[in-house]
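Take a look at the structure set out below.
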Number of protein chains: 2
Amino acid sequence: MPQPQIESSQDRRTQILDAALICFAKRGFHQASMHDISAEAGISVGLIYRYFENKDAVISAMADRHKKEIHEVLERARRAPTLLESLEILFTAHCCEDAPQVVSAFVVDLYAEASRNPHVADLVRDVLQTAMDGVTDLIARSPEAESAAHGLKPHELAELIFAVSRGMLMRDVLQPQEMTAAERRTRQLEVTRRLWRLLFKKESEPAYA
Amino acid sequence: MPQPQIESSQDRRTQILDAALICFAKRGFHQASMHDISAEAGISVGLIYRYFENKDAVISAMADRHKKEIHEVLERARRAPTLLESLEILFTAHCCEDAPQVVSAFVVDLYAEASRNPHVADLVRDVLQTAMDGVTDLIARSPEAESAAHGLKPHELAELIFAVSRGMLMRDVLQPQEMTAAERRTRQLEVTRRLWRLLFKKESEPAYA
DNA sequence: GGAAGATGAATGAACGTTCATTCATTGTCA
DNA sequence: TGACAATGAATGAACGTTCATTCATCTTCC
């Protein structure tokens with residue numbers, strides 16, 4: 001009864017990226033050393049170079065994985081029955097992890113990296129555009145958005161929604177480490193609901209619904 | 001006829017910090033070397049150590065200066081005659097510089113640094129809290145805010161405003177380098193006005209005012 | 001002369017990357 | 001089956017480079 005192959009090539013890459021995420025969040029892209037990552041992953045330094053050409057390739061692969069994850073979140077948001085629930089999914093996606101502030105820190109670092117690495121900038125812009133198009137579409141089809149929205153076009157609303165989402169992410173990295181995932185989630189949801197009320201509540205409805 | 005003393009001790013520090021801002025925005029806190037900074041400032045490496053204990057002290061001093069600048073922006077916003085103008089000042093403050101994306105990149109980097117450096121995190125949190133208190137106060141006193149605002153409390157509105165502001169800053173670092181300060185400013189103002197309309201326009205007023 | 005300002009070569013630690021080597025696993029053939 | 005060969009995943013010491021920091025030295029100005 002031989003133990004099944006524990007690590008496929010794909011799993012190794014994933015294992016390295018998981019470790020890299022933790023190290024990058026803890027120290028930043030450029031302060032995290034390859035030794036840090038190998039130690040976190042419980043493997044040797046050299047092995048990383050069997051799966052990634054160099055450190056930049058690790059960063060790129062992380063960005064690519066982030067892109068896939070965002071697309072999945074968008075798909076889930078698309079399937080939600082109401083617009084409010086879609087927004088809640090978008091705003092709390094990063095809180096599903098067991099360490100939300102790790103994800104937040106990574107994303108803020110990703111934007112910082114994008115500001116000087118054109119390749120990363122293109123990728124982030126692309127992710128953002130796709131996600132915003134999706135949400136614009138979501139709003140355009142939503143019955144809630146017809147009556148309210150103060151004459152703003154769907155894409156203008158989407159732009160505001162994503163600005164708030166990014167802004168809350170930045171806020172999240174300032175929270176003390178001790179704050180739990182559940183607490184972060186609650187905060188995010190509060191803001192999401194306030195934003196939703198502002199954007200989509202029919203003006204005739206009572207304001208304190 | 002001796003040239004008058006060009007650099008006082010205070011000016012030297014400012015000169016070094018100006019150079020550091022450019023280098024930090026261009027390469028990031030930890031990728032920018034002391035040689036980069038000294039070259040940008042047009043002085044020798046060693047001289048930096050006459051005015052700053054070490055590299056971390058340069059970063060801290062930059063964060064401190066950022067704090068002072070934010071306070072000044074807040075003062076200007078406070079003196080504006082209407083709430084809309086206050087918001088416009090807050091949202092476009094970084095566009096007053098001749099290189100807005102430099103400021104944006106620096107601030108995003110600052111938040112990234114805050115996510116792992118508790119000292120920087122405390123400072124940024126403090127700045128943010130002061131600024132938010134100021135804006136909360138501004139809203140509470142503003143006649144525009146009384147009738148509208150969908151039943152949201154002033155501090156909840158302030159939280160949303162700052163989230164959008166940070167989110168737009170992150171957006172700004174994705175813009176291609178070629179985009180001019182004026183274009184950035186226009187974009188920021190558009191979003192500010194949309195947000196303001198959403199938050200404070202009386203619901204009875206025509207939506208497309 | 002001497003105090004303060006300024007220089008940049010020197011230093012040593014830390015980093016990304018390489019590669020000779022090890023060894024568990026798999027395949028081959030009697 | 002068992003002895004032997006082949007494989008390639010995994011290791012970590014070593015290398016060359018970069019970087020923050022120091023300090024002996026030079027300049028300026030009173």
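Quick note on labels: first sequence line is chain A, next is B, and so on, each numbered from 1.
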Please report, rounded to the nearest Å, how far the [atom2] atom of [N] is from the [atom1] atom of [X].
X: A/Glu53; N: C/dC19; atom1: CD; atom2: P; result: 14 Å
X: A/Asp11; N: D/dA9; atom1: CG; atom2: P; result: 14 Å
X: A/Lys55; N: C/dT18; atom1: NZ; atom2: P; result: 14 Å
X: B/Arg13; N: C/dG5; atom1: CZ; atom2: C1'; result: 16 Å
X: A/Ile16; N: D/dA10; atom1: CD1; atom2: C1'; result: 11 Å

Identify, residue by residue, the members of residues 17-34 of chain A with a heavy atom below 4.0 Å from DNA chain C, and return them in order of residue number, or none.
->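 Result for residues 17-34 of chain A: A/Arg27, A/Ala32, A/Ser33, A/Met34, sorted by number.
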Counting only side-chain N and O atoms of B/Tyr49, is one of them less than 4.0 Å from OP1 or OP2 of D/dC23?
->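 No.
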Treat primed atoms plus P, OP1 and OP2 as sugar-phosphate and everything else as base, then score nucleotides 11-16 of chain D 5' to 3': B for base contact with protein heavy atoms under 4.0 Å, S for sugar-phosphate contact only, - for none.
-> BB----
Please enumerate all residues that pass side chain to side chain contact (heavy atoms under 4.5 Å, CB included) together with [X], with sequence neighbours excluded.
X: B/Asp126; answer: B/Lys67, B/Thr130
X: A/Val103; answer: A/His94, A/Glu97, A/Val107
X: A/Gln129; answer: A/Asp133

ring-ring contact (aromatic ring centres under 6.0 Å, His included) involving B/Phe24 - partner list, sequence neighbours excluded = B/Phe29
Contacts satisfying salt bridge (charged side-chain N to carboxylate O under 4.0 Å, His left out) that involve residues 164-175 of chain B (not counting sequence neighbours) are B/Asp172-B/Arg184
What pairs meet the salt bridge (charged side-chain N to carboxylate O under 4.0 Å, His left out) rule with one or both residues in residues 102-112 of chain A, with sequence neighbours excluded?
-> A/Asp109-B/Arg116
Residue pair A/Arg12 / A/Gln15, side-chain donor-acceptor N/O under 3.5 Å =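 The answer is yes; a qualifying pair exists.
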Report all side-chain donor-acceptor pairs from residues 70-81 of chain B shorter than 3.5 Å, counting only partners two or more places apart or in another chain.
residue	atom	partner	partner atom	Å
B/Glu75	OE2	B/Arg78	NE	3.3

